[in-house]
Amino acid sequence: MIKVLLVDDQNLIRQGLKALLELESDLEIVAEAENGEIAIELVAKLQPDVVLMDIRMPIMDGVATTKEISSRFPNTKVLVLTTFDNDEYVKAALNNGAMGYLLKDTPSEELAAAIRAVDKGYSQLGPGIVNKLLSQFPPTPANQTPSIPPGLSELTPREKEVLQLIATGASNREIAQNLYISEGTVKNHVTNILNRLELRDRTQAAILANTFLSLLS
C-alpha cells in the first residue's frame with residue numbers, strides 16, 4: 001500500500017483528489033494539509049511514501065516545502081500537482097527535489113500511475129513539461145555535433161517509437177494506445193531503453209530523444 005499525503009490550500013481540491021485516489025486499491029490517503037508548514041509536520045509524523053504537492057499556498061509554498069521534505073525525509077517522494085506550468089515553477093520544483101510535475105487536468109488513472117512510478121523512484125512529467133526543461137539548456141553550437149550516446153543504435157524500431165513518444169511527454173497508457181500494445185509491454189520497452197542508454201529516468205530519456213530526434217526516425 002502506497003501512503004499518500006495531499007497538500008493543497010483548497011479544501012474542495014483535496015476532497016476531490018481523495019475521493020478519486022481512494023478508488024485505487026493500492027493507494028491510501030493518510031492525511032491532508034492546507035499549507036507547507038502543516039505538510040512538514042505530517043510528513044515527520046506519518047512518513048508517507050508520496051506527497052502530492054500544490055505550488056501556490058499561503059504560509060509556505062510548494063517549492064520551499066518540497067526542498068524541506070527532500071532534505072529531511074529522503075524516503076518520501078514529492079510529486080507536484082498544480083494548475084501552473086510556469087517555467088520557473090517547473091525548474092524550481094525539480095531543482096529542489098520534486099520527482100515529478102503534473103498539471104491538475106491530468107486524468108485520475110494517469111495521476112494514480114504517476115504516484116506509483118514516483119514511489120518506485122521514476123520521474124514523471126506532464127505533457128509539455130519536457131519542452132520547458134529543454135528550454136533551460138543552451139543550444140549546441142552550429143559547428144559542434146553532440147556525441148551520439150552508446151546504445152542508441154542498438155534500440156529496436158519499436159523502442160525508438162516508444163522513445164519518441166516519451167519525448168512528447170506521453171504516459172505509458174498513451175504510448176500503449178498510440179502503438180496498440182499493452183501497458184505492460186510499454187513498461188518493458190521503457191526499462192530496456194533506460195538500460196541500453198544508461199539513463200536514470202524518463203526525463204533523461206526525453207531530453208536525449210529531443211537532442212537526437214533525427215536518428216530515431
Side-chain angles (χ1 to χ4, degrees), residues 1-24 26-108 110-136 169 171 200-203:
M1 185 72 75
I2 300 173
K3 298 186 295 182
V4 181
L5 170 65
L6 301 179
V7 185
D8 196 293
D9 62 329
Q10 297 186 49
N11 180 61
L12 187 61
I13 296 294
R14 296 198 307 273
Q15 291 303 309
L17 287 171
K18 182 177 180 181
L20 289 172
L21 294 176
E22 284 188 334
L23 296 175
E24 305 292 331
D26 60 337
L27 303 182
E28 177 188 5
I29 308 303
V30 294
E32 302 171 30
E34 62 188 37
N35 62 61
E37 284 190 356
I38 296 174
I40 291 170
E41 293 175 3
L42 289 172
V43 170
K45 179 180 178 181
L46 302 173
Q47 299 292 307
D49 300 302
V50 177
V51 176
L52 209 54
M53 181 76 68
D54 192 16
I55 285 291
R56 284 191 181 178
M57 295 182 293
I59 302 178
M60 189 175 189
D61 68 22
V63 172
T65 308
T66 295
K67 182 178 182 179
E68 185 77 6
I69 291 173
S70 298
S71 62
R72 289 179 55 189
F73 311 100
N75 292 327
T76 296
K77 311 295 195 306
V78 176
L79 174 60
V80 171
L81 182 68
T82 182
T83 57
F84 304 100
D85 63 351
N86 177 282
D87 290 18
E88 290 305 314
Y89 284 148
V90 174
K91 184 179 179 181
L94 297 177
N95 283 346
N96 282 286
M99 292 292 294
Y101 199 106
L102 301 177
L103 299 182
K104 286 181 178 176
D105 59 0
T106 301
S108 59
E110 293 181 18
L111 176 58
I115 291 172
R116 296 184 187 104
V118 165
D119 178 57
K120 293 178 181 178
Y122 293 102
S123 298
Q124 292 290 296
L125 299 174
I129 302 300
V130 170
N131 291 333
K132 291 182 179 297
L133 288 178
L134 287 171
S135 68
Q136 306 298 324
S171 66
R200 185 180 65 250
D201 52 42
R202 295 170 75 103
T203 302

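We use all heavy atoms of the structure for the numbers below, so side chains are in, but hydrogens, waters and symmetry mates are not.
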Visitor: State which residues pass salt bridge (charged side-chain N to carboxylate O under 4.0 Å, His left out) with Arg116; sequence neighbours excluded, sorted by chain then number.
Guide: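 For Arg116 the salt bridge (charged side-chain N to carboxylate O under 4.0 Å, His left out) partners, ignoring immediate neighbours, are Glu24, Asp26.
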Visitor: Please report the shortest heavy-atom distance between Gln10 and Asp8, naming the atom on each side.
Guide: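 For Gln10 versus Asp8, the nearest heavy atoms are N-OD1, 2.9 Å.
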Visitor: Any chance you could lay out the side-chain contact (heavy atoms from CB on, under 4.5 Å) test for Lys104 and Leu81, step after step, and finish with the verdict?
Guide: CA-CA 6 Å; Lys104 286 181 178 176; Leu81 182 68; 3.9 Å; yes
Visitor: Under 4.5 Å between any side-chain heavy atoms of Val7 and Asp54, yes or no?
Guide: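 They are not in contact (no side-chain heavy atoms under 4.5 Å apart), so the answer is no.
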Visitor: Can you pull the side chain to side chain donor-acceptor pair (under 3.5 Å) pairs that have at least one residue in residues 57-71, sequence neighbours excluded?
Guide: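 Applying side chain to side chain donor-acceptor pair (under 3.5 Å) to every pair that reaches into residues 57-71, excluding sequence neighbours, yields Glu68-Arg72.
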Visitor: Quick one: closest heavy-atom pair of Ser108 and Leu20, and the distance?
Guide: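 Minimum heavy-atom separation between Ser108 and Leu20: CB-CD1, 4.1 Å.
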Visitor: State, yes or no, whether a side-chain contact exists between Leu17 and Leu111 at a heavy-atom distance under 4.5 Å.
Guide: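 Yes. Closest side-chain heavy atoms under 4.5 Å.
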Visitor: One pair to check against side-chain contact (heavy atoms from CB on, under 4.5 Å): Asn35 and Asp9. What are the steps and the verdict?
Guide: CA-CA 6 Å; Asn35 62 61; Asp9 62 329; over 6 Å; no
Visitor: Crowded around Leu23 CG? As in, over 12 foreign heavy atoms under 6.0 Å?
Guide: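 Above 12, so yes.
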Visitor: How close do Ala117 and Gln124 get, counting heavy atoms only, and between which atoms?
Guide: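 That would be CB-NE2, 3.5 Å.
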Visitor: To check you understand the geometry: which heavy-atom pair defines the closest contact between Ala33 and Ile38, and what is its length?
Guide: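 Answer, listing the atom of Ala33 first, then Ile38: CB-CG2, 3.7 Å.
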Visitor: Going from NZ on Lys91 to CG on Asn96, what distance comes out if it is rounded to the nearest 0.5 angstrom?
Guide: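 The distance works out to 11.5 Å.
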Visitor: In the structure I gave you, are the side-chain heavy atoms of Lys77 and Lys120 within less than 4.5 Å of one another anywhere?
Guide: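 The answer is no; the side chains never approach within 4.5 Å.
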Visitor: Can you list, pair by pair, the side-chain donor-acceptor contacts under 3.5 Å of residues 41-53, counting residues two or more places apart and other chains?
Guide:
{"residue": "Gln47", "atom": "NE2", "partner": "Val43", "partner atom": "O", "Å": "3.2"}
{"residue": "Gln47", "atom": "NE2", "partner": "Ala44", "partner atom": "O", "Å": "3.3"}
{"residue": "Asp49", "atom": "OD2", "partner": "Lys3", "partner atom": "N", "Å": "2.7"}

Visitor: So do the side chains of Ile29 and Arg14 get within less than 4.5 Å of each other, counting heavy atoms only?
Guide: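 No, too far: nothing below the 4.5 Å cut-off.
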Visitor: To the nearest 0.5 Å, what is the distance between CG on Asn75 and CD1 on Ile69?
Guide: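 Asn75 atom CG to Ile69 atom CD1 measures 13.0 Å (nearest 0.5 Å).
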Visitor: Could you check whether any side-chain heavy atom of Leu6 comes within less than 4.5 Å of a side-chain heavy atom of Leu21, counting everything from C-beta outward?
Guide: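 Leu6 reaches Leu21 side chain to side chain.
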Visitor: Identify the heavy atoms of Tyr101 and Ile55 that sit nearest to each other, and give their distance.
Guide: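 Heavy-atom minimum between the residues: OH-CG1, 4.0 Å.
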Visitor: Mind listing the closest non-hydrogen atom pair of Phe84 and Leu103 along with its distance?
Guide: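 Reported closest heavy-atom pair: O-CD2, 3.9 Å.
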